[in-house]
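The structure appears right after this line, and notes come after that.
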Number of protein chains: 2
Amino acid sequence: MTEPRWLDAVQQRDWRAYVEGSVRLADLLDRDLKSKHGLTMAEYEILVRLSEAPERRLRMAELADIASQSRSRLSHTVSRLECKGLVARNNCGADKRGVFAELTEDGFAFLSKAAVDHVATVRDFFVDVIDPDDLRAIGRAFTAIADQVAKAR
Amino acid sequence: MTEPRWLDAVQQRDWRAYVEGSVRLADLLDRDLKSKHGLTMAEYEILVRLSEAPERRLRMAELADIASQSRSRLSHTVSRLECKGLVARNNCGADKRGVFAELTEDGFAFLSKAAVDHVATVRDFFVDVIDPDDLRAIGRAFTAIADQVAKAR
DNA sequence: CACGCTTGATTGAATATTCAACAAAATTCC
DNA sequence: GGAATTTTGTTGAATATTCAATCAAGCGTG
């Protein structure tokens, strides 16, 4: 049996601060987006990724991957977005199993409006309240974390 | 109408890295805790907070507050933890509306085991993959963010 | 004291997410 | 070529979370 390696006091404090802060921030961003535009962060993320893809469309599997969602979850969520007319599904010629999720014109217009408010909130509660150097540190750190998580799978 | 203030390229990249990394990390921690001990992070957090409270118990409202959960959610979650025998509810003498959530002996023992594995995972995917200075930066930043979110309510 | 107002906590229905099972098409391998 | 396997995507049931309504108790004020 191996001895558990606990965090030291400072590490513990920083880790806890992160857990609490990130939960509260996520909660705020969700509420903000939901109250102003009826979207969750997960839905917003899907729209953003589609908007940036060539022809504003992506295969479901790839979209699930870059939006960090399970395929099942994406399937359900895209169905909801489809009902709202923001996304459309069309099947992919090359691979007959494949399905493209495509951002509609309405979806793009809707996203453009939502993005303005969302970015303002991200500024107000994230970018503008932290030191620029600390923001860089966060960027570095979470890139490394994402890599590590990806490596483990 | 005010001009939207977009993020510059670097801010954008760092913000996105954070969103992606934090979602992936949260997902991994949840899966890890769930597969090894049948707990979600939210449930784990509740147990931790109770374990640190005097007499290992807290009023529901206070627990909801420090665990960053809605009261409704806490109510449901505590019911589940109660079914598992990890937490008990007892009513508070002073304020007849009040309810204490208390960590049981079983709950404490259970948490002790779970914590060993959880901390190891936090090390493997968070603490040990980032620069110590960056960890400090994260601590500072998310403390400021949590304050800002709290201020806004 | 009694009226309105706030706080503490729970409930059930609506909504969202996970999980396991499935079907269909593509790929691998002999 | 064709059986076995993998990949893609969806589905429905089980589970969890949100949301709005409710109830009971405390508090403040005229």
Side-chain angles (χ1 to χ4, degrees), chain A residues 23-24 26-46 50 57-84 86-102 153, chain B residues 23-24 26-46 50 57-84 86-102 153:
Chain A
V23 169
R24 297 205 127 104
D27 197 60
L28 179 113
L29 292 175
D30 255 338
R31 275 169 203 292
D32 183 66
L33 215 38
K34 184 90 107 177
S35 68
K36 291 180 185 154
H37 303 279
L39 290 178
T40 64
M41 267 297 277
E43 292 167 332
Y44 178 83
E45 183 74 13
I46 288 170
L50 288 177
R57 64 181 201 177
L58 285 169
R59 292 281 298 266
M60 293 295 279
E62 194 182 352
L63 180 53
D65 227 42
I66 64 181
S68 314
Q69 295 185 23
S70 73
R71 293 192 187 182
S72 171
R73 182 181 178 180
L74 180 68
S75 217
H76 288 295
T77 307
V78 165
S79 296
R80 284 191 307 264
L81 293 172
E82 212 175 7
C83 285
K84 294 191 192 179
L86 305 179
V87 170
R89 273 188 241 245
N90 13 39
N91 41 10
C92 157
D95 184 342
K96 276 179 197 150
R97 296 166 305 179
V99 172
F100 278 115
E102 179 177 344
R153 311 192 43 248
Chain B
V23 168
R24 296 204 127 104
D27 197 61
L28 179 113
L29 292 175
D30 255 339
R31 274 170 204 292
D32 183 65
L33 215 38
K34 184 91 108 179
S35 69
K36 290 179 185 155
H37 303 278
L39 289 179
T40 64
M41 266 297 277
E43 291 168 332
Y44 178 82
E45 183 74 13
I46 288 170
L50 288 177
R57 64 181 199 176
L58 285 169
R59 293 281 297 265
M60 293 295 279
E62 193 182 352
L63 180 53
D65 227 42
I66 64 182
S68 313
Q69 295 185 23
S70 73
R71 294 195 186 178
S72 171
R73 182 180 178 182
L74 180 68
S75 219
H76 288 295
T77 307
V78 164
S79 296
R80 284 192 307 264
L81 293 172
E82 210 175 8
C83 284
K84 295 192 192 177
L86 305 179
V87 169
R89 274 187 240 247
N90 14 39
N91 42 10
C92 157
D95 184 342
K96 275 178 198 153
R97 297 166 305 179
V99 172
F100 278 115
E102 180 177 344
R153 309 193 44 251

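Residue numbers begin at 1 in each chain, while the letters A, B, ... track the order of the sequences. Note: hydrogens, waters and symmetry copies are ignored here, and every other heavy atom, side chains too, is used. Keep in mind that this is a model prediction, so the values were computed, not measured.
Atom CZ in B:F100 sits roughly 13 Å away from atom P in C:dG8 (whole-Å rounding). The CE-P distance, from A:M41 to D:dT17, rounds to 19 Å in whole Å. If you take NE2 of A:H76 and C1' of D:dT11, they are 7 Å apart, rounded to a whole angstrom. At whole-Å resolution of the value, CD in B:Q69 and P in D:dT18 are 9 Å apart. Remark: C1' of C:dA23 and NZ of A:K96 are 16 Å apart, rounded to the nearest angstrom. B:D30 places its CG atom 12 Å from the C1' atom of C:dT17, with the value rounded to the nearest Å.
Contact annotation: B:R97 side-chain N/O to C:dA9 OP1/OP2 distance is not under 4.0 Å. Taking 4.0 angstrom as the limit, A:R31 places a side-chain polar atom (N or O) nearer than this to OP1 or OP2 of D:dC19. In this model, the phosphate group of C:dA9 is approached by a side-chain N or O of B:R59 to a distance below 4.0 Å at OP1 or OP2. One finds no side-chain N or O of B:R89 lying less than 4.0 angstrom from the OP1 or OP2 phosphate oxygen of C:dA9.
Listed candidates were D:dG9, D:dA20, C:dT17. Nearest to the side chain of A:R73 is C:dT17.
Between atom CZ of residue B:F100 and atom CD of residue B:E62 there is a gap of 9.0 Å, rounded to the nearest 0.5 Å.
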